[in-house]
Amino acid sequence: MKYWLLKTEPSTFSIEDLEQAPQRTTSWDGVRNFQARNMLRDGMRAGDRAFLYHSSCKVPGIVGIVGIVSAGYPDRSAFDPKDPHFDPAGDPRTPRWYAVDVRLERRTKRVITLEDLRRHARLALDGLVLLRTGNRLSVMPLTAAHWHFILSLE
DNA sequence: GCCAACGTTGGC
DNA sequence: GCCAACGTTGGC
């Protein structure tokens with residue numbers, strides 16, 4: 001089983017939206033970055049778990065835990081001209097973008113803020129991709145050690 | 001709103 | 001293959 005972190009802007013899609021989704025499950029689509037795509041397509045498997053992270057908001061941080069319920073599959077939003085993430089260069093025969101399905105497991109007991117995480121950047125969370133300067137990945141892997149340490153901050 | 005950092009594009 | 005220009009991300 002692997003551990004991940006998924007970023008989302010709550011003004012676009014928040015943990016409240018996920019709570020209200022049928023089965024508390026949604027397609028994690030619209031990712032348009034090759035490095036992140038590779039992780040969705042090649043790295044994630046059903047049974048993996050991920051932190052849900054709110055970015056570009058008042059208090060950026062981890063707000064919940066989701067389970068990956070399906071491995072990567074071609075992201076159909078890339079082929080929909082009306083979708084904001086439409087990719088005009090896309091060809092359904094050779095899908096370029098991928099999505100996974102995620103189900104909300106639970107909210108964290110409190111928001112584990114970016115500030116909280118930074119406090120441990122030099123020791124327990126050394127190497128955490130999220131804390132790398134200029135990091136822009138919306139999908140990133142976590143070590144088991146980082147996962148458990150972050151949970152201990154709850 | 002600002003700006004640093006990054007990814008992508010396209011000319012050469 | 002290089003790299004400048006551009007667009008985007010995301011914290012502040």
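Throughout, protein chains are lettered first and strands after them, A, B, ... in sequence-line order, and every chain is numbered starting at 1.
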Indicate every side-chain donor-acceptor pair of residues 147-154 of chain A with a distance under 3.5 Å to a residue at least two apart or in another chain.
{"from": "A:S152", "atom 1": "OG", "to": "A:F149", "atom 2": "O", "distance (Å)": "2.5"}
{"from": "A:E154", "atom 1": "OE1", "to": "A:R106", "atom 2": "NH2", "distance (Å)": "3.2"}
{"from": "A:E154", "atom 1": "OE2", "to": "A:R106", "atom 2": "NH1", "distance (Å)": "2.8"}
{"from": "A:E154", "atom 1": "OE2", "to": "A:K109", "atom 2": "N", "distance (Å)": "2.7"}

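Salt-bridge annotation for A:R119 and A:D116: present, with a side-chain N of the basic residue lying under 4.0 Å from a carboxylate O of the acidic one. Between A:R32 and A:D75 there is a salt bridge, since at least one side-chain N of the basic residue sits less than 4.0 Å from a carboxylate O of the acidic one.
Contacts between residues 109-119 of chain A and DNA chain C, defined by a heavy-atom separation below 4.0 Å, involve A:L114, A:R118, listed by number. DNA chain C is contacted by A:Y53, A:S55, A:S56, A:P60 of residues 50-65 of chain A, taking any non-hydrogen atom closer than 4.0 Å. Near DNA chain C, meaning a heavy atom under 4.0 Å away, there are no residues from residues 75-84 of chain A.
Partners of A:F34 under the side chain to side chain contact (heavy atoms under 4.5 Å, CB included) rule, at least two apart in sequence or in another chain, are A:R37, A:R96, A:W97.
What you find for A:A78 and A:F86 is that their closest heavy atoms are O-CD1, 3.2 Å. Pairing each heavy atom of A:Y53 with each of A:P60, the nearest pair is OH-CB, 3.5 Å.
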Quiz item: side-chain hydrogen bond (donor to acceptor under 3.5 Å, both in side chains) between A:D42 and A:Y98: does it pass, once the steps are laid out?
Solution: CA-CA 10 Å; A:D42 309 326; A:Y98 280 71; over 6 Å; no
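Around the CD atom of A:Q35, the shell of radius 6.0 Å holds no more than 12 heavy atoms that belong to other residues, nucleotides or ligands.
Residues A:D80 and A:S77 have side chains that never bring a donor and an acceptor to within less than 3.5 angstrom of each other. Between the side chains of A:T113 and A:E115, not a single donor N or O lies within less than 3.5 Å of an accepting N or O.
Contact annotation for A:S138: no contact, since no heavy-atom pair falls under 4.0 Å across all strands.
The distance from the OG1 atom of A:T26 to the CZ atom of A:R103 is 12.5 Å, given to the nearest 0.5 Å.
Here the rule is side chain to side chain contact (heavy atoms under 4.5 Å, CB included) with A:M140, and of A:L128, A:L6, A:L130 only A:L130 fits it.
Of all nucleotides in DNA chain C, those with any atom nearer than 4.0 Å to a heavy atom of chain A start and finish, going 5' to 3', at C:dG7 to C:dC12.
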